[in-house]
Engineer: 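Here it is, the structure in full.
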Amino acid sequence: MTAMPSWVLDLIRCPITLEKLEIAPADLVEQLRVLVPEGRLTNRMGTNVTEDFQSGLLNESKSWFYPVIDDIPTLVPDEAIACES
């Protein structure tokens, strides 16, 4: 992901919890990415995630992950990926 300006992160919020978002750690991104080709990663609607992502955003409580595809954050609530806390 191209570095996202800090002022952008100050403006956008998790559409589910309204918490601030941060760049997801690389290890979390990789853990989630390996599940995509196996068909084992689902979004909030229970649909399999099929589009590969290179990075993502994570809310402050670490409960929702938003994939970043082609440097565009996917902030649609139904496309959020639940993270275990």
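Below, all heavy atoms of this structure are taken into account, side chains as well, without hydrogens, waters or symmetry copies. One is the number of the first residue; the rest follow in order along the sequence. Source: prediction; values computed, not measured.
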Engineer: Give a yes or no on whether Val8 and Leu57 share a hydrophobic cluster (residues Ile, Leu, Val, Met, Phe, Trp, Tyr; joining criterion: side-chain heavy atoms under 4.5 Å apart).
Structural biologist: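 As far as the 4.5 Å side-chain criterion goes, Leu57 and Val8 are connected within one cluster.
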Engineer: Identify the heavy atoms of Arg13 and Lys20 that sit nearest to each other, and give their distance.
Structural biologist: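 In terms of heavy atoms, the two residues are closest at NH1-CG, 3.3 Å.
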Engineer: Let me confirm one number: the CD1-CG distance from Ile69 to Asp52, rounded to the nearest 0.5 Å.
Structural biologist: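 Rounded to the nearest 0.5 Å, the CD1-CG separation comes to 8.0 Å.
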Engineer: So, does Asn48 use its side chain to make a donor-acceptor pair with the main chain of Thr50 at under 3.5 Å?
Structural biologist: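 No; judged by distance alone, with no hydrogens or angles, the pair does not exist.
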Engineer: What is the minimum heavy-atom distance between Cys14 and Leu21, and which atoms define it?
Structural biologist: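 In terms of heavy atoms, the two residues are closest at N-CG, 3.7 Å.
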Engineer: Atom SG in Cys83, atom CD in Gln31: separation rounded to 0.5 Å?
Structural biologist: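 Between Cys83 SG and Gln31 CD, I get 9.0 Å after rounding to 0.5 Å.
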Engineer: Under 3.5 Å, is there a donor-acceptor pair between the Ser63 and Asn59 side chains?
Structural biologist: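 There is such a pair between these side chains.
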Engineer: Taking atom CG of Asn43 and atom CH2 of Trp64, what is their separation to the nearest 0.5 Å?
Structural biologist: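 Separation between the atoms: 9.0 Å.
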Engineer: Can any side-chain N or O of Thr74 pair as donor or acceptor with the backbone N or O of Pro67 at less than 3.5 Å?
Structural biologist: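 Checking the backbone N and O of Pro67 against the side chain of Thr74, a donor-acceptor pair under 3.5 Å is found.
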Engineer: Any link between Met45 and Ile16 through a network of hydrophobic side chains (Ile, Leu, Val, Met, Phe, Trp, Tyr) touching at under 4.5 Å?
Structural biologist: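 Not linked; separate clusters.
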Engineer: If you look at every heavy atom in Val49 and Val36, which pair is closest and at what distance?
Structural biologist: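 Looks like O-CG1, 3.5 Å.
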Engineer: Nearest 0.5 Å, please: how far is OG1 in Thr47 from CG in Asp78?
Structural biologist: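 Between atom CG of Asp78 and atom OG1 of Thr47 there are 8.5 Å.
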Engineer: Please round to the nearest 0.5 Å and tell me the distance separating atom CG of Leu28 and atom CG of Leu58.
Structural biologist: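 The distance works out to 6.0 Å.
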Engineer: How far does OG of Ser55 sit from CG of Asp71, to the nearest 0.5 angstrom?
Structural biologist: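 Interatomic distance, Ser55 OG to Asp71 CG, rounded to 0.5 Å: 7.0 Å.
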Engineer: Is a salt bridge present between Glu38 and Arg33, judged by a nitrogen-to-oxygen distance below 4.0 Å?
Structural biologist: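 No, no charged N to carboxylate O under 4.0 Å.
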Engineer: Do Leu18 and Leu75 land in one hydrophobic cluster if side-chain heavy atoms of ILVMFWY residues count as linked below 4.5 Å?
Structural biologist: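 Each belongs to a different hydrophobic cluster.
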Engineer: Under 6.0 Å between ring centres, would you say that holds for Tyr66 and Phe53?
Structural biologist: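 Not close enough - the centres of the two rings lie 6.0 Å or further apart.
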Engineer: Do the side chains of Ile81 and Val68 join up, straight or via other hydrophobic residues, at under 4.5 Å, putting them in one cluster?
Structural biologist: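 No, it is not one cluster - the side chains of Ile81 and Val68 are not joined through contacts under 4.5 Å.
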Engineer: So if you build clusters from Ile, Leu, Val, Met, Phe, Trp, Tyr with side-chain heavy-atom gaps below 4.5 Å, do Met4 and Leu11 land together?
Structural biologist: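 The answer is yes; both residues are in one hydrophobic cluster.
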Engineer: Between Glu79 and Arg44 (side chain of the first, backbone of the second, donor and acceptor by atom type, cut-off under 3.5 Å), is there such a pair?
Structural biologist: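 Pair absent, no side-chain N/O of Glu79 close to backbone of Arg44.
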Engineer: Is it true that, when you exclude Asp70 itself, more than 12 heavy atoms of the residues, nucleotides or ligands shown sit nearer than 6.0 Å to its CG?
Structural biologist: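 For Asp70, atom CG is not crowded (no more than 12 foreign heavy atoms under 6.0 Å).
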